[in-house]
2 protein chains.
Amino acid sequence: MTMNILRQRNVVLNTAKKHNHLRCGECPIRHRAVCAHCDKAELEQLDQIKTYRSFGPGETIVWSGEKLTFVGSVVVGVATLSSTLSDGRRQMVGLLLPSDFLGRPGRATATYDVVAATDVTFCMFQKDEFERMIARSPNLGNRLLEMTLDELDSAREWMLLLGRKTAREKIASLFVIMARRDAALHQSAPRDGLHFSLHITREAMADYLGLTIETVSRQISALRREGIIELVDARTVHVPNFEKLLDQSADDADGGILA
Amino acid sequence: MTMNILRQRNVVLNTAKKHNHLRCGECPIRHRAVCAHCDKAELEQLDQIKTYRSFGPGETIVWSGEKLTFVGSVVVGVATLSSTLSDGRRQMVGLLLPSDFLGRPGRATATYDVVAATDVTFCMFQKDEFERMIARSPNLGNRLLEMTLDELDSAREWMLLLGRKTAREKIASLFVIMARRDAALHQSAPRDGLHFSLHITREAMADYLGLTIETVSRQISALRREGIIELVDARTVHVPNFEKLLDQSADDADGGILA
DNA sequence: GGCCTTCCTTGATCGAGGTCAAGCAGGCGT
DNA sequence: ACGCCTGCTTGACCTCGATCAAGGAAGGCC
């Protein structure tokens with residue numbers, strides 16, 4: 001079984017798979033956005049303008065409404081994108097894992113908060129310099145469009161989750177995604193079950209799934225009680241049978257039974 | 001008051017405002033995507049390859065998983081984008097109003113259903129021809145990126161609604177958006193209150209908001225009972241005081257009180 | 001060691017919204 | 001005119017997840 005189910009139909013990973021930007025030996029950093037299919041000239045240019053910056057857990061990287069001065073991608077760690085209602089209700093609208101891109105060329109200000117969930121290191125470029133590069137290389141622009149379309153697709157998939165899935169399905173879906181991301185990143189074909197880290201707190205999961213901390217905790221406990229997952233520690237999950245987890249997520253295995 | 005609140009902070013309308021693609025006299029059709037800031041050469045090329053197609057209410061324009069052969073934009077009517085879970089639960093992930101663009105250059109297959117909500121007329125281009133045009137004109141590519149970023153922003157705004165807003169706030173938010181779109185489209189500065197059409201059925205609203213038909217109906221009735229809206233008929237809403245409606249939507253008036 | 005704090009879990013209760021069910025209004029074809 | 005749709009409303013009831021509340025586990029710091 002497994003490796004087939006693990007192969008996300010989402011294009012994010014398909015693209016990564018085709019060329020394997022995620023660990024392209026020639027890329028100084030792991031961001032598929034600017035890897036340029038290992039175009040030497042582009043890479044050298046990017047190398048010259050890149051800088052690294054790190055943030056601690058809970059640290060806000062960008063405030064909503066703030067002026068955007070850079071773009072970049074995650075090298076290690078996890079960052080979150082979230083919007084907040086005036087009374088404090090918060091909703092995560094995106095999750096940045098290693099290799100994910102942050103920033104919107106052509107946009108002046110941020111429209112949501114970017115917060116480090118763990119220790120995070122970014123590889124960054126000055127926004128105006130990056131934009132100048134885009135103007136010069138249409139290649140780069142096209143890849144950005146592709147990436148943005150990918151993001152849009154996952155945002156819409158998430159809308160389905162938020163609007164229509166039950167608490168249990170939400171948790172299972174999140175775990176499925178985390179497992180797939182982890183597997184893709186480590187190139188690990190799982191033999192005797194999967195093993196992955198959630199990285200984030202229960203609170204962050206709740207904010208991502210549109211639930212409360214308590215419900216998240218209860219559903220995780222329920223899945224554990226039923227043997228669908230095992231908890232090594234609070235944030236490390238072992239999945240003995242991935243298909244069983246998938247069954248709980250209300251997602252089609254791949255492409256659906258109909259059609 | 002009013003015209004100021006009506007001015008959506010979302011870039012979609014700001015862009016439209018700057019140049020007013022929506023009624024650019026030189027554009028044969030109203031799509032801001034390819035209006036090309038009224039670039040004559042581009043327009044002529046587009047004119048040559050464009051075709052019109054119409055669909056009746058309930059008709060499916062594209063099935064999820066189907067091969068995509070065209071792109072285009074709505075001229076009149078309303079179309080919806082929706083995903084469906086295998087057990088039939090449905091979630092709308094987008095709404096196409098006149099001037100909105102449909103399609104993803106560079107993508108082979110659709111990832112969700114596109115259904116006509118009313119009588120709809122599309123102005124369409126063969127996908128491959130359109131892509132060839134993009135390749136030739138980087139301008140067009142940039143505008144597509146901008147559009148996609150706009151869509152991503154509204155998708156994420158919608159995630160906040162789906163995950164964290166109450167039924168009442170969801171309804172109010174939808175009405176606010178519909179009212180703004182209508183106002184922008186008709187360039188109507190509302191004097192004695194707003195007047196707009198919902199176009200879509202209660203079911204479509206429910207699917208959009210992640211609610212059931214019954215809840216939608218009940219919340220609309222409640223807003224009517226409290227004098228916040230008036231119903232001319234089931235799908236035509238009159239808003240005597242827009243600010244009162246806005247108060248119910250849990251949205252910041254413009255940019256928020258904080259920050 | 002002892003004492004924070006932060007994160008997580010579990011229990012008891014409550015309520016918003018879903019479900020089931022009935023009925024009404026308007027359009028359309030015969 | 002009639003019946004028959006489909007779309008909308010309203011009521012009664014129930015359930016899932018939120019809320020309120022308490023306590024346990026794992027660091028970090030004195």
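A note on names: the letters A, B, ... follow the listed sequences, proteins ahead of strands, and every chain is numbered from 1. Values reported hereafter were calculated over all heavy atoms of this structure, with side chains retained and with hydrogens, waters and symmetry mates removed.
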Practice prompt. Just grab all the salt bridge (charged side-chain N to carboxylate O under 4.0 Å, His left out) pairs involving residues 57-68 of chain B, residues at least two apart or on different chains.
Written response: none
Show the atom names and distances, to 0.1 Å, of all donor-acceptor pairs under 3.5 Å that link a side chain in residues 211-218 of chain A to residues at least two apart or in another chain.
{"from": "A/Thr212", "atom 1": "OG1", "to": "A/Thr215", "atom 2": "N", "distance (Å)": "3.4"}
{"from": "A/Thr212", "atom 1": "OG1", "to": "A/Thr215", "atom 2": "OG1", "distance (Å)": "3.1"}

Fill in: Angle of first-five versus last-five pair axes in the helix from C/dG1-D/dC30 to C/dT30-D/dA1, to 10 degrees
30°
Worksheet item: Would you say the side-chain atoms of B/Ser54 and B/Thr121 include a donor-acceptor pair closer than 3.5 Å?
Response: yes
Worksheet item: Does a side-chain heavy-atom distance below 4.5 Å link B/Leu81 with B/Leu95?
Response: no
Discussion item. Using a 4.0 Å heavy-atom cut-off to protein, can you give one letter per nucleotide of nucleotides 8-21 of chain C, 5' to 3': B if the base is in contact, S if only the sugar-phosphate is, - if neither?
Written reply: SBBBB----SSBB-
Worksheet item: Counting only N and O atoms by type, is there a donor-acceptor contact under 3.5 Å from the side chain of A/Ser173 to the main-chain atoms of A/Ser249?
Response: yes
Practice prompt. Enumerate the residue pairs fulfilling salt bridge (charged side-chain N to carboxylate O under 4.0 Å, His left out) with a member in residues 228-242 of chain A, sequence neighbours excluded, ordered by first and then second residue.
Written response: none
Worksheet item: Got B/Ile61 and B/Phe122 here, is their nearest side-chain heavy-atom distance under 4.5 Å?
Response: yes
Worksheet item: Does the A/Gln91 side chain pair with the main chain of A/Tyr208, one donor and one acceptor, at a distance under 3.5 Å?
Response: yes
Discussion item. Between B/Asp251 and B/Lys165, does any side-chain N to carboxylate O distance fall below 4.0 Å?
Written reply: yes
Worksheet item: Below 4.0 angstrom, N of the basic side chain to O of the carboxylate: do B/Arg156 and B/Glu151 qualify?
Response: no
Worksheet, complete the sentence: With a 4.0 Å cut-off (strictly under) to non-hydrogen atoms of chain A, the first and last hit nts on DNA chain D, 5' to 3', are D/dG17 to D/dC20
